[in-house]
Amino acid sequence: MCADTIKRPAWPESASRPLVSPIQPAVVYASDGPDMLDAQYDGELPGYTYAREGHPNADALAGMIDALEGVSGGIVTGSGMAAVTAAILGRVRAGEHVLGGDQLYGRSLRLMSETLPALGIEASTADFTDAGAMAAAMRPETRLVLIETVSNPTIRVADVAGIAAACRERGILLAIDNTFATPRGFRAVDHGADMVIHSVTKLLAGHSDATLGYVAATDADVQEKITTLAVTMGLTASPFDCWLAERGMLSFALRYDRSEANAGALADALAEMPGVLRVLYPQRPDHPDHNRARALLGGRGSHMLSFEIAGGREAANRFVAALGSIPFAPTLGDIGTTISHPASSSHRGLSAAERAGIGVSEGFFRVSVGCDEPEALIDAFGRALAETC
Ligand SMILES: *Cc1c(COP(=O)(O)O)cnc(C)c1O
């Protein structure tokens, strides 16, 4: 064996291009010398330097989501919560105030109640289905409002038009977490959002195998601040996860349409089944925000629904056991249908009285409807209910 430095092989050339994006796991990119590196950092030459600062798989994925949301320059982050964090900390300083909807994703609520105050940022919440209540909670030092288009797990729909108008009047940035509605159901920037956020982990990636987020701002300066914050705090994403999500994104529209159709059919079927006390699905006329959902989602539905059965925790345990083929799992947006029980998972930190206030009882279930055969899906729920009630 002869002594030598460690050398990497040359990559075989091909005149034709691969149809599929390659995964580029490189942490670092070698350049020709200091002048070239300078030019790259100054943006005079394209390309990458260090993976935390950016890499092709993240940019390819971000570009796909940008196109769906009708924005440019969005970034991919290591999780949905990293995107929420970057959106807030990129723009809000100690002494300023963040106003959130009162039914945000559990960890977003916790960010507001624990983490932001520890950083000297004030945070409070108000009823996001009532623009008047949100406007009344805005303060002179409010810098950013965070709402979700469709909430978890009560599937309530935000008063987006009213909240956007109140923010605009006061010069407050409106950030919309569009995870539940997805850009196929709702384009946030067309409705006054200054920032749009996703947990890409959910329906966009769609296969429960990649944890990622996305955040884009309509203003280039705001985007620059968010991107810098994400790079500095290390909130950016891994190439392999981005590559998996890109693959998922290719079938997003198909999966969305199928899941939405299935959710509508399952909601209607559940409403007729014995033992079901109520069904929450925005496209049903009995949903409290039905008219707003029609206006905002333009006839599109959601892949999420919730429903309540009689009999408390005991019936809930029996129902989950009887469902058998439908995984009991506290996430959403998978290719297949999953069911979760907010009282024992996302909302376990609330008191029974607080849960009752938003209608999350022991018999309350949330369903993330997937691309299953609709007859099989309805049949599975029907049989489980018949066994339980
Ligand atoms: C899941 C979720 C998040 C957090 O996303 P992670 O990828 O789990 O960090 C944020 N907002 C909403 C609405 C979510 O459903």
Side-chain angles (χ1 to χ4, degrees), residues 58 61-62 65 69 74-89 98 100-113 115-116 125 128-129 144-158 160 174-186 188 193 195-216 230 233-238 240-242 244-245 248-249 252 256 259 263 282 297 302-306 329-334 338-340 342 345-347 349 358 360 366-370:
L61 176 61
I65 307 174
E69 286 288 2
I75 58 160
V76 173
T77 55
S79 70
M81 283 315 299
V84 174
T85 301
I88 295 176
L89 295 187
V98 176
D102 57 354
Q103 291 187 38
L104 294 174
Y105 180 70
R107 281 282 162 183
S108 296
L109 284 175
R110 194 154 166 189
L111 184 74
M112 309 222 3
S113 65
T115 316
L116 295 181
T125 59
F128 75 111
T129 66
L144 183 141
V145 167
L146 173 66
I147 56 172
E148 289 167 16
T149 323
V150 177
S151 74
N152 173 34
T154 52
I155 326 289
R156 296 297 304 265
V157 181
V160 177
L174 175 60
I176 296 189
D177 179 337
N178 202 25
T179 300
F180 270 50
T182 82
R184 198 158 171 81
F186 179 77
M195 296 180 197
V196 55
I197 296 167
H198 280 284
S199 169
V200 178
T201 312
K202 311 294 170 52
L203 201 64
L204 290 179
H207 294 75
S208 301
D209 53 11
T211 302
L212 288 170
Y214 165 89
V215 52
M233 295 192 90
L235 304 178
T236 47
S238 112
F240 183 65
D241 282 351
C242 294
L244 275 175
M249 287 285 295
F252 161 67
Y256 181 88
S259 303
L297 304 178
S302 164
H303 64 301
M304 301 300 298
L305 65 89
S306 292
T331 185
L332 63 117
D334 188 65
T338 55
I339 186 164
S340 71
S345 57
S346 55
H347 290 62
I358 53 169
V360 175
R366 187 194 75 182
V367 187
S368 169
V369 181

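As the structure lists them, so they are numbered: ligands from 1, and atoms in each ligand from 1.
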Please write down residue, atom name and distance for the protein heavy atom closest to [atom].
{"atom": "atom 7 (O) of ligand 1", "value": "Thr201 OG1, 2.6 Å"}
{"atom": "atom 6 (P) of ligand 1", "value": "Gly80 N, 3.3 Å"}
{"atom": "atom 4 (C) of ligand 1", "value": "Tyr105 CE2, 3.4 Å"}

Task: Mode of Val84 contact toward ligand 1 - side chain, backbone, both, neither (heavy atoms, under 4.0 Å) - done: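 For Val84, no heavy atom sits under 4.0 Å from ligand 1.
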
- [ ] Tell me which part of Lys202 gets within contact of ligand 1: side chain, backbone, both or neither, using heavy atoms under 4.0 Å.
- [x]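 The answer is the side chain.
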
- [ ] Output, in order, the C-alpha distance, side-chain angles, deciding distance and verdict of side-chain contact (heavy atoms from CB on, under 4.5 Å) for Ile358 and Gln103.
- [x] CA-CA 9 Å; Ile358 53 169; Gln103 291 187 38; 4.1 Å; yes

Task: From CA spacing to verdict: side-chain contact (heavy atoms from CB on, under 4.5 Å), Cys242, Leu212 - done: CA-CA 8 Å; Cys242 294; Leu212 288 170; 4.3 Å; yes

- [ ] Find out whether Phe128 and Glu148 are in side-chain contact, i.e. whether some heavy atom of one side chain is under 4.5 Å from a heavy atom of the other.
- [x]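 No; the side chains remain at least 4.5 Å from each other.
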
Open item on the list: If you define the side chain from C-beta out and look only at heavy atoms, does anything of Thr149 sit under 4.5 Å from Phe180?
Closed with: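 No, too far: nothing below the 4.5 Å cut-off.
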
Geometry only, no angles: is [X] polar-contacting ligand 1 at N/O separations under 3.5 Å?
{"X": "Ser199", "value": "yes"}
{"X": "Glu148", "value": "no"}
{"X": "Leu332", "value": "no"}
{"X": "Asp177", "value": "yes"}

- [ ] Please name the pair of heavy atoms, one in Phe186 and one in Ala181, separated by the smallest distance, quoted to 0.1 Å.
- [x]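 Here Phe186 and Ala181 meet closest at CB-CB, 3.8 Å.
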
TODO: Locate the shortest heavy-atom distance separating Val76 from Ala237; write the atom from each residue and the value.
DONE: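 Looking at all heavy atoms of both residues, the closest pair is CG1-CB, 3.7 Å.
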
Open item on the list: Are more than 12 heavy atoms, taken from residues, nucleotides or ligands other than Arg184, located less than 6.0 Å from that residue's CZ atom?
Closed with: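 Enclosed: over 12 neighbouring heavy atoms sit under 6.0 Å from CZ of Arg184.
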
- [ ] For Phe180, counting its heavy atoms only, list the atoms of ligand 1 lying under 4.0 Å from any of them.
- [x]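 Contacts of ligand 1 toward Phe180, numbered from 1: 15 (O).
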
Open item on the list: Does the residue Leu212 have a heavy-atom contact with ligand 1, meaning some pair of atoms that are separated by less than 4.0 Å?
Closed with: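 Distance cut 4.0 Å: Leu212 passes for ligand 1.
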
Task: Residue of the set Val196, Thr179, Leu204, Leu61 for which side chain to side chain contact (heavy atoms under 4.5 Å, CB included) holds with Tyr214 - done: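 Exactly one option meets the side chain to side chain contact (heavy atoms under 4.5 Å, CB included) with Tyr214, and it is Val196.
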
